[in-house]
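Chain A is the first sequence line, chain B the second, and so forth, proteins listed ahead of strands; every chain is numbered from 1. Note: hydrogens, waters and symmetry copies are ignored here, and every other heavy atom, side chains too, is used.
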Amino acid sequence: MAAEEVTLSSHIQHHLTNAKMCSTDAGLAFNKACADSGFWTWHIDTLAWSIGLGLIFLWIFRSAAKKSTTGVPGKFQCFIEMVVELVGDNVRDTYHGNSKLIAPLALTIFVWVFLMNLMDLVPVDFLPAFAGFVGEQAFGMDPHDVYMKIVPTTDVNMTAALALGVFILMIGYSIRIKGLGGFIGELTLHPFSSKNKLVMAILIPCNLLLETIALVAKPFSLALRLFGNLYAGEMIFILIGAIGLMQLPLHFVWAVFHIMVIVLQAFVFMMLTIVYLSMASTKSH
Amino acid sequence: MNLNATLIGELIAFVVFVWFCMKFVWPPLNGAIEARQKKIEDGLAASDKAEKDLELAREKAAEELKEAKTQASEIIEQAKKRATLIVDEETTRGQQEREKIIAQGHSEIESERNRVKEELRQQVATLAVVGAEKILEREIDQAAHSDIVEKLVAEL
């Protein structure tokens, strides 16, 4: 295996593969042994990095919250409060309902997604190579069999989980605020309506189809926008990393450009979450 | 790119993180920010009020100072008037006293003079009588000399 030639495509393939874990009849299995495990496969690198970064987010903000003073704030508290106010202002401007969940939800999404995206700026080969080294030295594995994808948002499971969470909240808020009848009415009685009951009966399925697509498109667009942007960015980092010394200036330029993508995508995900939940909790018709 | 159980794990992590953030992170931070905003608002209002109070106090002080000045000048004016009055009174009194003393002196002198005059007149009369007696001892021509004596007495 070690003698196998490392081609460019296998190098890229290696970078784009998650570390997998699944349980088989013979106990826990990893990576290639999990090729056929289907749904019950766990991407342990995605899980570990995302949960680790989430804990870092909570630890930083919790320590600021514990030390927070209403007097003159220190520099650390100022920085944290800047982020909190950025999120809080956007929530107040966009969401006019009365919910204690939206603001912390938006803060969590913004900072968590930002931190996960930020992992994209770590040079692409550093941590995978280190993981390969550890795997080889400590567990006697072939370094090519050790997978390590350090940017959780380039895993569609991660972004889909966030979008699914937001989608569940959207439906929950819709039903709580408009009632089940209102929610179903919103799905079936628009955009086409007629006073004639017979015509209306024909129009209802059309409305249901259109509105359901519109509703389901929201979490899909949320998940795939973030995933697509970060996956493409990661891909370009990997390609740049494969071209030898010339990668240094190119990597720098792409990294600088990517800083914008990182913040922007985190912000867009947060804003759209607020907007969708705001739409879900206002009676529009 | 395939969905698998990771989705469930991440969803659980997401829910837990949001719950933690909602319980332990957002309320203290937002509360601190809002409390500080309130504090600053109150502070600004208080400073505005203090400025206004200061302005009022200044005005009041200026007014009082002006009043005090007027009062002081009034008092000085009164004192001056009083002083003039006293001086005038005293002068008048002095004048009267002087005149009285002078008049007294004059009358004393006058009475003394009268007394002396009378005494002198008596003495002169006596002297004249003595003189006359002496003259009479030599030549008794009373009729011839009485007019002289009388003239003498009248002249004294």
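Closest approach of Ser68(A) and Pro28(B) over heavy atoms only: OG-O, 3.9 Å. In terms of heavy atoms, Thr69(A) sits closest to Ala32(B) at O-CB, 4.1 Å.
Here Trp26(B) contributes atom CH2 and Leu105(A) contributes atom CG; the two are 10.5 Å apart, rounded to the nearest 0.5 Å. Between the CD1 atom in Ile33(B) and the CD atom in Gln77(A) there is a gap of 8.0 Å [rounded to 0.5 Å].
Of the listed residues (Pro73(A), Pro152(A), Cys22(A)), the greatest number of heavy-atom pairs within a distance under 4.5 Å of chain B belongs to Pro73(A). Of the residues considered (Ala103(A), Gly88(A), Ser50(A)), Ala103(A) shows the highest number of contacts with chain B, using heavy-atom pairs under 4.5 Å.
At a heavy-atom cut-off of under 4.5 Å, chain A is reached by Asn4(B), Ala5(B), Thr6(B), Leu7(B), Ile8(B), Gly9(B), Glu10(B), Leu11(B), Ala13(B), Phe14(B), Phe17(B), Val18(B), Phe20(B), Cys21(B), Met22(B) from residues 4-22 of chain B, listed in order of number.
For Thr17(A), no part sits under 4.5 Å from any heavy atom of chain B, backbone or side chain. Heavy atoms closer than 4.5 Å to chain B are found nowhere in Tyr231(A), neither backbone nor side chain. Proximity to chain B is absent for every atom of Ile44(A), based on heavy atoms less than 4.5 angstrom apart. Both the backbone and the side chain of Leu162(A) come within contact range of chain B, judged by heavy atoms closer than 4.5 Å.
Atom CD of Glu67(B) is surrounded by 12 or fewer heavy atoms from other residues, nucleotides or ligands within 6.0 Å. The environment of CD in Gln13(A) is sparse: at most 12 heavy-atom neighbours from other residues, nucleotides or ligands sit within 6.0 Å. Heavy atoms of other residues, nucleotides or ligands lying less than 6.0 angstrom from CZ of Phe76(A) number more than 12. The environment of CZ in Phe220(A) is sparse: at most 12 heavy-atom neighbours from other residues, nucleotides or ligands sit within 6.0 Å.
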Kindly list each side-chain donor-acceptor pair under 3.5 angstrom involving residues 274-281 of chain A, sequence neighbours excluded, with atom names and distances?
residue, atom, partner, partner atom, Å
Ser278(A), OG, Thr94(A), O, 3.2
Ser281(A), OG, Tyr95(A), OH, 3.2
Ser281(A), OG, Leu277(A), O, 2.6

Donor-acceptor pairs under 3.5 Å, side chain of residues 74-93 of chain B to any protein atom, not counting sequence neighbours: which ones?
residue, atom, partner, partner atom, Å
Thr84(B), OG1, Lys80(B), O, 2.6
Glu90(B), OE1, Arg93(B), NH2, 3.1
Thr91(B), OG1, Val87(B), O, 2.4
Thr92(B), OG1, Asp88(B), O, 2.5

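The stretch residues 79-96 of chain A participates, sequence neighbours left out, in these salt bridge (Lys or Arg N to Asp or Glu O under 4.0 Å) pairs: Glu81(A)-Arg36(B), Asp89(A)-Arg92(A).
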